[in-house]
Structures are given as structure tokens and as C-alpha cells.
Amino acid sequence: MGLHVNYSKGQMKIQQMAFVLVGVFIFFALVGLVYVSVRMAVLKGDSGDLKESDALENVRMIYSSPEFIWQAFDCEGCVDLDKAMVLKGRKIYSNFWGLDYLALKRIYPQGRDIECSEVNYPDCSTITIINKTTNVGAVYGAFVALCRWDESGRTRCEIGKVYSSGRGI
Amino acid sequence: MKRGQEEIVGFAVIMVLVGVVFVVFLGIMLAKPGNDITNSKDINHFLLSTLQYTSDCAIGYQDRPNKIIDLIKECDNGLGVCENGENPCLVLNNTLKGIITSSFQIGEDRPIKGYIFDIEKERNESLLRFGEGNCTGSRKGGLLAYSGGMAKLTLCY
């Protein structure tokens, strides 16, 4: 036995209006949700960019320190490769910047992709100054000009990157 | 107006309202990417380093190879020739292309789809402009001003 209810026309109209209102509300809620999720994704991207920018600034501060900076002529963003090579052997600097990893890598011109030592320098590509652990986390790299004196006593600057990681970044 | 007509008009009003909201929403979504170029510190650092790069071109009385920034000025003057007989503008072009393609991984199947490099003299006159790949998506760029002009690099994602 079913329950039969007779709705008046007025009640039907109110019911229809209620359904339409609920539908419109759900539609706007969905639009709002999509908009918020897109905005959140953009914000996340922006915060990532800011974090990267901050890290790059910290890397720049490290390679602008007297231990690295090229002083033969006024040059912002130039690193003295000979100084870096000397630092490679100094254990006293392993805790100086609070880093887990610090390395310089030549990018252009591309040469032999090998670690620099006193024997093969400057015919090498990478100078690893600090490498405390195999799990260094996020590594940030900043472009620099790697400058040195060549065999004929002339200045030679090449393109490289300073990579670093750790709580100091 | 009949009852049926009233309902059709009501339905049409709601559809128009929903359509307007949808178009406004789409407009907001699609307006962001376009000609916007995000400034990148990484690219600024790159340009700073690139201008200091020592090229293979030594000109005239200078017994040492020129830096890229000097080579730009030589290319602009159009008077000197490298000791090995090459044109400074050609050396500049080839060196810059080599530096950019070695420094950034650019390609159809890579995050960076293309690039545009531009050297402008004063008064926005272009001295050198080249590029590679597809530049329709979002872009990151950097510029570096030096005495006599500016260097600009735009990476396309």
C-alpha cells in the first residue's frame, strides 16, 4: 500500500524553485572549488619559485665570499677557480657555511666530465669542496663565471655552476 | 504569458546566468598565461656570467681574447676582425648559442621548449637576435643592462 499525497500547484512550484536553487548553488560551489584549486596550484608554484629564488640568493652569498671571489678585476658573479681548488683540500671549511654539499662544475666549454685533482687541473670539470653525505637533499645551482689564469698568464673565464645543499641554503 | 512560456523564460535566464559565470571563469583562467614573462634570478645570474666568458676572438692590439661583453662592442663597431680572421659577430653568435644550449636542456621532449636571445643597443635597436624551438607556452626571462645596451634571454616552457 502506497502513501498518496496530493500536492497543490503552489507546492509544486516551490519544490521546482528549490531544486533549481540547489542546482545553481551546487554549480557555483563546483566553479568555486575549481577556481580555488587552480589558485592553490598557482600559489604553490609561486612559493616554490620564491624558495628557489631565496636558495639562489644564498648560493650567491657563498660564492661572493672572499674565499671564492675573483679579485683580478671587478666582476660580479665570477669565482676564482684556483681558490676553489685550494679550498677542496681544506677540511677546516667543511663546517664553515653549514652545508652538506658544495661543488663547482664547468658547463661551457664542455670538457672531460671528471673530478678535478692536483694532477688533472684544469683539464677537468668538477671541484667538489664539501660532500658530507650521500643523501644531500635538494641541491640548488647558480650560474657563475669560473675564472683562472691560463698557461700564458692570461685571464680565462668559463661558464659554470655552483651547486650547494644543506641547512645553510 | 502562459505557464509553459514562463518556465522556458526562467530556464533561459538560468542558462544565461550560468553561461556568463562560465565565460568569466574561463576568461580569468586563460588570461594568466600569455605574454607574461616571469623574471628569473637564475637567468639573470646566467647572463651575468655569460658576459664575462672569455671568447676565442682576440682583436688587434689586444693580445688577449675578448670577453663576450667586449665582443658585443666590437660587433657593434663593425671595424675589427679576430686574429684568426673570423668576424666578431659570427664568433659572438656561435659562442652564445653554444653557451645557451650547454647550460639549458632545450627540446620538444624537455621542459624548456625553446628560447629567444636578444642583445639590444640603446634606443631599443637590436644588435643580435636568435632563438630556437617553440615559444607559445609560459615564459621565464632575465635581462642584464650594461653600458651601451642590454642582453635578454627568454626561456619558453
Side-chain angles (χ1 to χ4, degrees), chain A residues 9 12-13 16-17 19-21 23-24 26-28 30-32 34-35 38-39 42 45-46 49-50 52-57 59-60 63 70 73-79 105-111 140-148 150 152-162, chain B residues 3 6-7 10-11 13-15 17-26 28-30 32-33 38-56 58 62-70 95-105 138 140 142 144 146 153 157:
Chain A
K9 278 177 188 170
M12 283 296 286
K13 283 273 174 194
Q16 275 180 345
M17 182 58 80
F19 278 129
V20 169
L21 282 175
V24 169
I26 289 171
F27 174 77
F28 280 107
L30 282 175
V31 168
V34 171
Y35 181 76
V38 168
R39 289 296 304 163
V42 170
D46 286 350
D49 285 350
L50 273 174
E52 194 180 328
S53 170
D54 198 31
L56 277 178
E57 206 54 44
V59 177
R60 195 189 66 80
Y63 74 67
W70 174 256
F73 52 83
D74 187 28
C75 174
E76 195 188 339
C78 292
V79 164
K105 189 173 169 66
R106 185 174 63 189
I107 289 171
Y108 187 85
Q110 288 169 327
Y140 294 95
F143 285 101
V144 287
L146 303 173
C147 300
R148 61 184 166 85
D150 67 9
S152 52
R154 294 169 181 157
T155 306
R156 177 157 287 277
C157 293
E158 296 165 331
I159 304 296
K161 260 187 158 181
V162 175
Chain B
R3 201 173 295 152
E6 276 177 3
E7 293 205 350
F11 184 70
V13 167
I14 287 166
M15 287 307 287
L17 194 69
V18 167
V20 166
V21 169
F22 189 69
V23 166
V24 169
F25 179 68
L26 265 185
I28 293 168
M29 294 287 289
L30 299 176
K32 285 277 175 184
T38 315
N39 186 42
S40 164
K41 268 188 184 169
D42 193 33
I43 299 175
N44 289 337
H45 283 186
F46 170 77
L47 290 172
L48 198 65
S49 314
T50 300
L51 294 193
Q52 297 299 332
Y53 178 78
T54 313
S55 73
D56 294 327
Q62 296 167 318
D63 65 337
R64 59 187 168 81
N66 280 282
K67 291 189 284 185
I68 290 290
I69 191 159
D70 301 326
T95 309
L96 286 171
K97 278 182 182 170
I99 291 173
I100 293 169
T101 49
S102 300
S103 304
F104 301 100
Q105 294 184 320
S138 65
K140 276 187 182 177
L144 186 71
Y146 56 89
L153 175 66
Y157 291 82

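This is a predicted model, so every value here is computed, not measured. Protein chains get the first letters and strands the later ones, always in sequence-line order, with residue 1 at the start of each.
The two residues G77(A) and S49(B) have their closest heavy-atom pair at O-OG, 4.3 Å. Contact record, I159(A) with T50(B): CD1-CA, 3.6 Å, taken as the closest heavy-atom pair. Heavy atoms only, all atoms of each residue included: C157(A) and Y53(B) are closest at O-CD1, 3.3 Å. The heavy-atom pair separating D49(A) from K140(B) by the smallest distance is OD1-NZ, 3.9 Å. Minimum heavy-atom separation, S102(B) to Y108(A): OG-CD1, 3.3 Å. The two residues V21(B) and V31(A) make their nearest non-hydrogen contact at CG1-CG1, 4.4 Å.
Residue S152(A) does not touch chain B at all, counting heavy-atom pairs closer than 4.5 Å. With a 4.5 angstrom heavy-atom cutoff, K105(A) does not touch chain B via any of its atoms. In this structure, the portion of S55(B) lying under 4.5 Å from any heavy atom of chain A is its backbone and not its side chain. In this structure, chain A has no heavy atom under 4.5 Å from any part of N39(B).
Heavy-atom pairs under 4.5 Å with chain B were tallied for V42(A), V24(A), V38(A), V79(A); the largest tally goes to V38(A). Chain A forms more heavy-atom pairs under 4.5 Å with one residue of L47(B), L17(B), I14(B), V18(B) than with any other, namely V18(B).
Rounded to the nearest 0.5 Å, atoms CG (N44(B)) and CZ (R60(A)) are 11.5 Å apart. Atoms NZ and CG, from K41(B) and L50(A) in turn, are 9.0 Å apart once rounded to the nearest 0.5 Å. Here E76(A) contributes atom CD and L51(B) contributes atom CG; the two are 11.5 Å apart, rounded to the nearest 0.5 Å. In this structure, L48(B) CG and C78(A) SG are separated by 7.5 Å, a value rounded to the nearest 0.5 Å. Atom CG of D42(B) sits about 6.5 Å away from atom CD of E52(A), to the nearest 0.5 Å. Between the CD atom of Q52(B) and the SG atom of C75(A) there is a distance of 3.5 Å, given to the nearest 0.5 Å.
Taking a 6.0 Å sphere around CD of Q16(A), one finds it holds more than 12 heavy atoms contributed by other residues, nucleotides or ligands.
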Exercise for review: For the pair F22(B) and F27(A), evaluate ring-ring contact (aromatic ring centres under 6.0 Å, His included) and give the outcome as yes or no after the intermediate values.
Suggested key: CA-CA 10 Å; F22(B) 189 69; F27(A) 174 77; 7.4 Å; no
- Start with the C-alpha gap between V162(A) and H45(B), add the side-chain angles, then the distance that decides, and say whether side chain to side chain contact (heavy atoms under 4.5 Å, CB included) holds. CA-CA 11 Å; V162(A) 175; H45(B) 283 186; over 6 Å; no
